[in-house]
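Working notes, structure below.
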2 protein chains.
Amino acid sequence: MLNDLHIQEQEVIDEHKECVRYRKGDVIFHEGGIPKGIYCIRKGGVKISKMTSQGKEQILFLSQPGDFIGYRALIGEEVYNATATSIEDSSICYIPKSDFLEIMHRNPAFFNKMIKKVCNQLGIMEQNLTIIAQKSVKERLATTLLMLKESYGMDGDESTLIDIRLSREEIANVVGTATETVIRLLSTFKNEGLIDFDGKRIKVINEEQLKKLAVA
Amino acid sequence: MLNDLHIQEQEVIDEHKECVRYRKGDVIFHEGGIPKGIYCIRKGGVKISKMTSQGKEQILFLSQPGDFIGYRALIGEEVYNATATSIEDSSICYIPKSDFLEIMHRNPAFFNKMIKKVCNQLGIMEQNLTIIAQKSVKERLATTLLMLKESYGMDGDESTLIDIRLSREEIANVVGTATETVIRLLSTFKNEGLIDFDGKRIKVINEEQLKKLAVA
DNA sequence: CATCAACTGTGATTGCCATCACAAAAGTAT
DNA sequence: ATACTTTTGTGATGGCAATCACAGTTGATG
């Protein structure tokens, strides 16, 4: 995302940004907090999630190295409506609000890229909402596994492996279901030869069949 | 939204826009179609909805006079991922892509307003997704009724009336549930004195209680 | 205003999935 | 290594809500 900036702009960012290491479980920003800058993930992984009044977590999306997080609330001039939590040891850069907004307004191409990004994200969220509202848990889990493979699939030999370590509970909080249900369904998928797993490492064995399930 | 434009820009739009009347049920744009402009509602009402492969409809949001629709796909340079359908007789202006984009890029304040708008919309969608994923149908229906009152509540005498005529099926497709379930729950709410209705005109009688239900 | 279609409403039934309870395994810390 | 916490896994149970079936009502249309 930052690649399109001019050299002098990159320098501004390099000067002002500060990179911080976060341990697994550390919170980067919290629902209700006031955004004072944006974050860019260099290494590791982050989950963006909301808590309901009953203390249930809904994971909205997962972010990887290269992704910006926290820009929605900053640009929208709202408080954070979700919490960002490191799901593994991560290195994350912080770019102060003033620097970010200045660059965005000085550089029309970058501004353009940002608004496109937000629009695409909105499209994804509309799609996810529809899936959660209209499909069964089994179909949603299949969809989630395919999404994870898309985002975290490996190259080469291990191309079937989903290279992210999520707990069963976290998968449940993406799908919007109970942890036990995820455990049971993953076992079913394993028995049916759709996937394989040992602990948290999940492999997609029969992607075609999984896709059929997902659209069912 | 258009009020912030300069006078000459308003003139450009006035020259190029064309306003069309749509009857109830008419489709303004269709999922999968290529956006060639944006729409601004002058009169009436529009639902934006997605269809699942099983033919189930999910209503993503409802638009009123003054609202833009179709800008997400246009700006994001995607095909429409939802369908816009007139839910009553409406008058809707069409602004060609080139005019809209030119004005957006010429007028930084307007550009800013647009990106803020998309960010806010994304926040709303994230909130809705969480509600649908984590709350019971009863809680979601209560939330939807409150949202409808917020958007379509009247002033003065009839301040309790929700001034929009949605079928039970359409309400169900907002909430993400079956039509029969909505019918039953609305009757329950009526019996409990939370709401009152005669046909499609719904009144909120006990907003406080409804709010308690919604957050439950 | 007659006819048909669409919508509202009610009852019965099924089943998906949440919840509770608890055992086993894995990971973490001392 | 040992104790403790967290995570994974399994079984039993119950309830919410989808689905099916059909009656009554409203509304559209020629």
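In what follows, every chain begins at residue 1, and chains take the letters A, B, ... in the order their sequences are listed. Not measured: the values here are computed from a predicted model. Hydrogens, waters and symmetry mates are skipped; everything else that's a heavy atom, side chains included, is used.
Look at B/Glu88 and B/Arg165 and you find no salt bridge, because none of the NZ, NE, NH1 or NH2 atoms lies under 4.0 Å from a carboxylate O. Electrostatic pairing of B/Lys50 and A/Glu126 does not count as a salt bridge here, judged by no charged N lying under 4.0 Å from a carboxylate O.
The nearest whole Å value for the distance from the NZ atom in A/Lys135 to the C1' atom in D/dA18 is 17 Å. In this structure, the CD atom of A/Glu169 is 12 Å from the P atom of C/dT19, given to the nearest Å. Rounded to whole Å, atom C1' of C/dA26 lies 15 Å from atom CZ of A/Arg201. Rounded to whole Å, the distance from CD on B/Glu57 to P on C/dC7 is 11 Å. Per the geometry, CD belonging to B/Glu139 stands 14 Å off C1' belonging to D/dG15, to the nearest Å. Look at CZ on A/Phe197: it is 10 Å from P on D/dT8, rounded to the nearest Å. If you take NZ of A/Lys200 and C1' of D/dT8, they are 8 Å apart, rounded to a whole angstrom. As a whole-Å value, the separation of B/Asp89 CG from D/dA28 P is 10 Å.
Which of D/dT19, C/dC7, D/dT8 sits closest to the side chain of B/Ser167 comes down to C/dC7. Minimum atom distance to the side chain of A/Arg184 is reached by C/dT19, of the listed C/dT19, C/dC17, C/dG11. The side chain of B/Glu180 approaches D/dC20 more closely than any other nucleotide in the set D/dT8, D/dC20, D/dA17. For B/Ser187, the listed nucleotide lying nearest its side chain is C/dT10; candidates were C/dC7, C/dC17, C/dT10. Checking C/dC7, D/dG11, D/dA18 against every side-chain atom of B/Thr177, the shortest atom distance belongs to D/dA18. Of the candidate nucleotides D/dG9, D/dA17, D/dT7, D/dG9 has the atom lying nearest to any side-chain atom of A/Ile183.
The side-chain hydrogen bond (donor to acceptor under 3.5 Å, both in side chains) test with A/Ser49 singles out one residue from A/Glu57, A/Glu31, A/Gln58, and that residue is A/Glu57.
The residue among B/Lys24 and B/Thr181 whose nearest nucleotide of DNA chain D lies closer to the 5′ end is B/Thr181. Heavy-atom nearest nucleotides on DNA chain C were determined for A/Ala178 and for B/Thr179, and the one closer to the 5' end corresponds to B/Thr179.
Side-chain atoms of B/Gln127 and A/Asn81 form no donor-acceptor pair, as typed in the model, at a separation below 3.5 Å.
Contact annotation: side chain of B/Arg168 to base of D/dT25, donor-acceptor pair absent below 3.5 Å. Side chain B/Arg165 to base D/dT26: no donor-acceptor pair is found below 3.5 Å. A donor N or O paired with an acceptor N or O is not found under 3.5 Å between the base of C/dC7 and the side-chain atoms of B/Glu170.
Between the B/Ser53 side chain and the A/Val215 main chain, a donor and an acceptor come within less than 3.5 Å of each other.
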